[in-house]
Amino acid sequence: MNGDDEQLLRGRVYGADHDDPDPGPRPGQTYVELVGGPLDGLLLDITGWTQDEIDTGVSLQTEVGSFGPGGRALYDPRPGDPARWDWGGDSP
């Protein structure tokens, strides 16, 4: 395990319950790091996603984006760095 892997394992997973005593990644799962925007630094579990789903990016519910509760944050894979997905903006 290199330094980047160790840093990834310390992160909090998007969608983890706020009361979860261990909100970090689980062994055997595949994660990407969300970069920028309201979910910056969270990990997204993409285990089982198809390549088309990964290439499309994602719209994630968040209460802390520009549109408040019910809003969404948009993230797309970073070209050349598949372990990081960049924020592209918020949507209602």
Review point. Can you list every pair that meets side chain to side chain donor-acceptor pair (under 3.5 Å) and has a residue in residues 54-63, with sequence neighbours left out?
Key: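 Residue pairs passing side chain to side chain donor-acceptor pair (under 3.5 Å), neighbours aside: Q51-D55.
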Decide yes or no for [X] and [Y]: does some side-chain heavy atom of the first lie under 4.5 Å from some side-chain heavy atom of the second?
X: W87; Y: V35; answer: no
X: W49; Y: V58; answer: yes
X: R26; Y: Y31; answer: yes
X: P38; Y: D90; answer: yes

**Study point:** Joint cluster assignment, I54 & L34, ILVMFWY side-chain distance < 4.5 Å
**Key:**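 Yes, because I54 and L34 connect within a single hydrophobic cluster, where side-chain heavy atoms sit under 4.5 Å apart.
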Practice item. Using the test side-chain hydrogen bond (donor to acceptor under 3.5 Å, both in side chains), find all partners of E53 that sit at least two apart in sequence or belong to another chain. Key: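 Checked E53 against side-chain hydrogen bond (donor to acceptor under 3.5 Å, both in side chains); matches are T50.
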Sequence neighbours left out, cut at 3.5 Å: what donor-acceptor pairs do the side chains of residues 39-46 make with other protein atoms?
from: D40; atom 1: OD1; to: G36; atom 2: N; distance (Å): 2.6
from: D45; atom 1: OD1; to: T47; atom 2: N; distance (Å): 2.9
from: D45; atom 1: OD1; to: T47; atom 2: OG1; distance (Å): 2.6
from: D45; atom 1: OD2; to: Q29; atom 2: NE2; distance (Å): 2.9

Point to revise | Non-hydrogen atoms of G57 and D76 that approach each other most closely | key: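 Reported closest heavy-atom pair: CA-OD1, 3.6 Å.
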